[in-house]
2 protein chains.
Amino acid sequence: MAVKKTSTKRAALRRTGPARHKSFVSAEQVAERAGVSRSAVSRTFTPGASVSEDTRRRVMRAATELGYHVNHLARGLMRRSTGIVCLIVADVESPQTARMVRAITTRLQSVGKVAMMINISDPRDDAADALRQTLNYRADATVVMSGTPSQAIVRSCLDNGQRLILISRDDKIAGPHNIRLDNAAAARLAFAAFIRAGCRRLAVINSNLGTPSLTAREYAFVAQARAAKFEVTVIREGGMTSYENGLIAARRLFSAEQRPDGVFCVNDLLACGAMDVARKEFGLRVPEDVSFIGFDNMRQADWLSYGLTTFDQPVEEIADNVAALATENGTRRQPARVEILPKMVWRSSVRI
Amino acid sequence: MAVKKTSTKRAALRRTGPARHKSFVSAEQVAERAGVSRSAVSRTFTPGASVSEDTRRRVMRAATELGYHVNHLARGLMRRSTGIVCLIVADVESPQTARMVRAITTRLQSVGKVAMMINISDPRDDAADALRQTLNYRADATVVMSGTPSQAIVRSCLDNGQRLILISRDDKIAGPHNIRLDNAAAARLAFAAFIRAGCRRLAVINSNLGTPSLTAREYAFVAQARAAKFEVTVIREGGMTSYENGLIAARRLFSAEQRPDGVFCVNDLLACGAMDVARKEFGLRVPEDVSFIGFDNMRQADWLSYGLTTFDQPVEEIADNVAALATENGTRRQPARVEILPKMVWRSSVRI
DNA sequence: ACACGGTTTGCACGCGCGTGCAATATTCTG
DNA sequence: CAGAATATTGCACGCGCGTGCAAACCGTGT
C-alpha cells in the first residue's frame, strides 16, 4: 500500500510538477487512469499475456486518451531484442545503393524491425565508428554495405552476440554472415557477350577505389580475355565509381590511337558516363561502333538514352536474406555464406 | 556491503551462468574488473564528470579489455534525449530523395544524432504508423519528407514533447516546424524563362499524386501564363512523378496537333522521361524545337544526355536547418517556418 | 597538531518496462 | 454447495544507466 501511494504521488507530481516540461506518458500514468496495476498495462501491450477483456478495454481507453506509446527503449532493456537493425552505408546517393537501401528497409519493416542508417564518409573506411554506434544502440543486427570492417571490431560485435551481415564485402573476414555476388562469373559472361558481338578491342573501366568486388570484376574479365589471347586496356579513374569518373575515363580511352569496340564498366554509373562521352564527344554509335556492358542494373540503365546491357543485382533477394538472417534466433554454428549469380539483362548497348 | 556482494555475485553468474548466451557487457562488469564502483564507470563515459585520472585509466583499460560499449538505450531512459532522429520517407529510391537523405543523415551525424529511417509505401499515406514508431523509440525529433500526417497524430507527437519537422509539406498543419520551398516563385521564373526563349505553346507535366508542393508548381505556372494570355496544356500522368510517367505524358503531349515548344515538368524525373521521348521518339531537338525546365536539380540533370535547366533544392541548407531544429533545446513559442527560394540552374535545355 | 577547502568516491534511487510468483477472483465439476 | 481447476491480478525485482548527496580523501595553511 505504501508503495502504491508513493507511485501515485510521483505520477501526480509529473503532471502538475514544477518541471512543466512536456514529457512522454508512462505506463504508470495509464495504469492510474485506468484504475489498474501497471502490470496490467504491460500485459495489455504484450501479445499473448493473460489479461481479461474488461481490463484490456479500460487500459486501451486510458492509453488512447493519454496518448500512450510503449517505450521500445525500455522494452529493449528487458527483452533480448531491440528491433533495431543498423545499415552501414557510404554513398546513399548512388542509385544502386539507394535501390538496395529501399529494398532492405522495406523488407525489414515487414518483419517488425526498424532500420537505423549510419553514413560513413569513405568507403575504404574500416567503419569502426559506425560499428561502435551499432553496439551503443544494441542493434539486433548490423548490415554492412560499405567499408571494410577490421577484424578487431568484427570480433567485438560478434562477442557481444550481435548478428553481422556483410553485403558484397569480398574480403576474407571470419565470423559474420556474408551475402555476395559471383562477380567473376558475371565478368566472364560479359566477355563472352562481347566476343559473340564481334568485338575485338576490349577495355575495362574501373575506379581506383579498390573495393574487392569491383576488383574481382575487373580481374576476372581481364583474365578471361587474356586467356583467349585478347588485348584488354584497363583504365582506372578517380576515387569513386561515379558518372563523372566514367566521363574522364572514356575521354582517355577514346583519345588513344586504337579505340576499343567493347567496354566493360564495373558499374552502371561509369557506363553511363562512358557512353555519353562516346556518343556526344566522339560521335560514336552504340552499339554499332562500340558496345558497353555495365553492372548493377540501376534504374537509369533502362532509360531511353542508355538502354544499357548490364547485370542485375537482385536487391529483393538480397533483402530477403538480410531479413531472414536478422530475425533468426537459433544460434547457428556456421556463419551463412550466400552467393548469388547476377542475371544478365539484355538491352541495346551490345550488338547482337 | 551486502548490496556489493550480491551485485558481484550477479556479475559472476552472468559470465559462467547456465544461460551461456552471448550478451552485452555492462558497466557493472567493467567496474568489477577495474576494481571501482559502477558510478566511476558511468562518470568515465560522461563528459564533464568528476573522475581522477587514475581511475579513468583503469576503467578505460577494463572497458576495452571486456569490449564494453555504453548502452544508449538505457542512457536515453535517464537523459531527456535518445539521440535518435526519425526520417519518414516514401521513395528513398528516387534520386532527389536519396540526395536529401544523404545530406540530412550526414549532417545529423555531425551533431551527434543518428538517423532512423521509416519507409511508408504510399506518399498519400497519413504516416500514422510511421509516427507511432517514432514515438515508440522516443526519437528526439521526426523529419517528415513524405506523406501528409493527420492533425491527430501530429498532436500526439507534439503533446509528447517531440520535435516535428516537415519538409515540403505545404499542407496547412498547425504545430510542427516547416521547411518549404517557394514553389510558386520558381514556377513563375520558369514561365519567364520560356517567354524570353521565345516559346509560345506551353505545357506542364505533372502526376496525379496531388502533393501540395507539386500542385503549387503547376498552378502557379498556369496562373502566370494565363495572366499573360498564353495557352497552357496540362498533363497529369500516373500516380508517381517517375521517369516512366514522364515518358507516357510526353507521348500524349507530342501526339497532339499543336506540339508545345516549352514544357515545364514539376520534377526532374518527369523531365528526363519527357526529353527522351521528344528526342528519341519524335525526333525533336532540344532546345531548338522544344525547351524543357525541371525541378530538383537531381544529379542526372547534369548528365550529358540531358543538360536539364532546373531549380535546385538546396539540400545542404535544408539539412542545416533540420539539424538546428533537431538539436535546439530551448522551448520556443512559435514553430519555425523556413522558406527557401530555389535557385535556377541554367543548362542547355532552354534556348537563350 | 588541527582546521579547512577542494576533489574524488560510493551509495542509493529512479528512468519505463517485462515477467515470475503468489494471491485472489472466477468458473467448472460432481 | 464444497472443492478443484483455471483465469486474472498485483507485487516485487531487475534490465543498464545517470546523478544528487554525503562520506572519504587529499593537500595546504596555521
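Taking side-chain N and O atoms only, B:S50 has no distance below 4.0 Å to OP1 or OP2 of C:dT7. Residue A:R75 has no polar side-chain atom (N or O) positioned under 4.0 Å from OP1 or OP2 of C:dC17.
For the pair B:F45 CZ and D:dG18 P, the interatomic distance rounds to 9 Å; values are reported in whole Å. The nearest whole Å value for the distance from the CZ atom in A:R79 to the P atom in C:dG16 is 18 Å. Atom OH of B:Y137 and atom P of C:dG16 are 18 Å apart (whole Å). Summarising the geometry, the separation between CG on A:N160 and P on D:dC15 is reported as 17 Å, rounded to the nearest angstrom. Here the P atom of nucleotide D:dC25 and the CD atom of B:E53 are 21 Å apart, to the nearest Å. Between A:F24 atom CZ and C:dC17 atom P the separation is 11 Å, expressed in whole Å. Here C:dT7 presents its P atom at 18 Å from CG of B:D54, a figure rounded to the nearest Å. In this structure, the CE atom of A:M78 is 8 Å from the P atom of D:dC15, given to the nearest Å.
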Kindly determine whether A:R107 and A:D320 satisfy salt bridge (charged side-chain N to carboxylate O under 4.0 Å, His left out), including the steps that lead there.
CA-CA 7 Å; A:R107 195 75 190 74; A:D320 283 351; 2.5 Å; yes
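In the interface, the side chain of B:R138 is not paired with the base of C:dG16 through any donor and acceptor atom under 3.5 Å apart. Side-chain atoms of A:R43 and base atoms of D:dG10 include a donor and an acceptor less than 3.5 Å apart. Remark: the A:S39 side chain and the D:dC11 base include a donor-acceptor N/O pair separated by less than 3.5 Å.
Picking from D:dG18, C:dT19, D:dC17 the nucleotide with the shortest atom distance to the side chain of B:S42 gives D:dG18.
Looking at B:T327, B:T105, B:I104, B:T82 one by one, the single match for side chain to side chain contact (heavy atoms under 4.5 Å, CB included) with B:K113 turns out to be B:T327. In summary, of the residues considered (B:D129, B:T134, B:N136), a side chain to side chain donor-acceptor pair (under 3.5 Å) with B:R132 occurs for B:D129 alone.
Contact annotation for B:S52: backbone-only contact, meaning every heavy-atom pair under 4.0 Å involves sugar-phosphate atoms and none involves a base. Heavy atoms of A:V51 sit under 4.0 angstrom from primed sugar atoms or phosphate atoms, though from no base atom.
Nearest-nucleotide mapping onto DNA chain C: of B:R38 and B:T55, the residue sitting toward the 5' end is B:T55. Both B:L77 and B:G35 lie near DNA chain C, and the one whose nearest nucleotide falls closer to the 5' end is B:G35.
Under 4.0 Å is where a charged nitrogen must lie from a carboxylate oxygen, and between A:R58 and A:E53 no such pair does.
No close placement of the A:F24 and A:Y68 rings is indicated, their centers lying 6.0 Å or farther apart.
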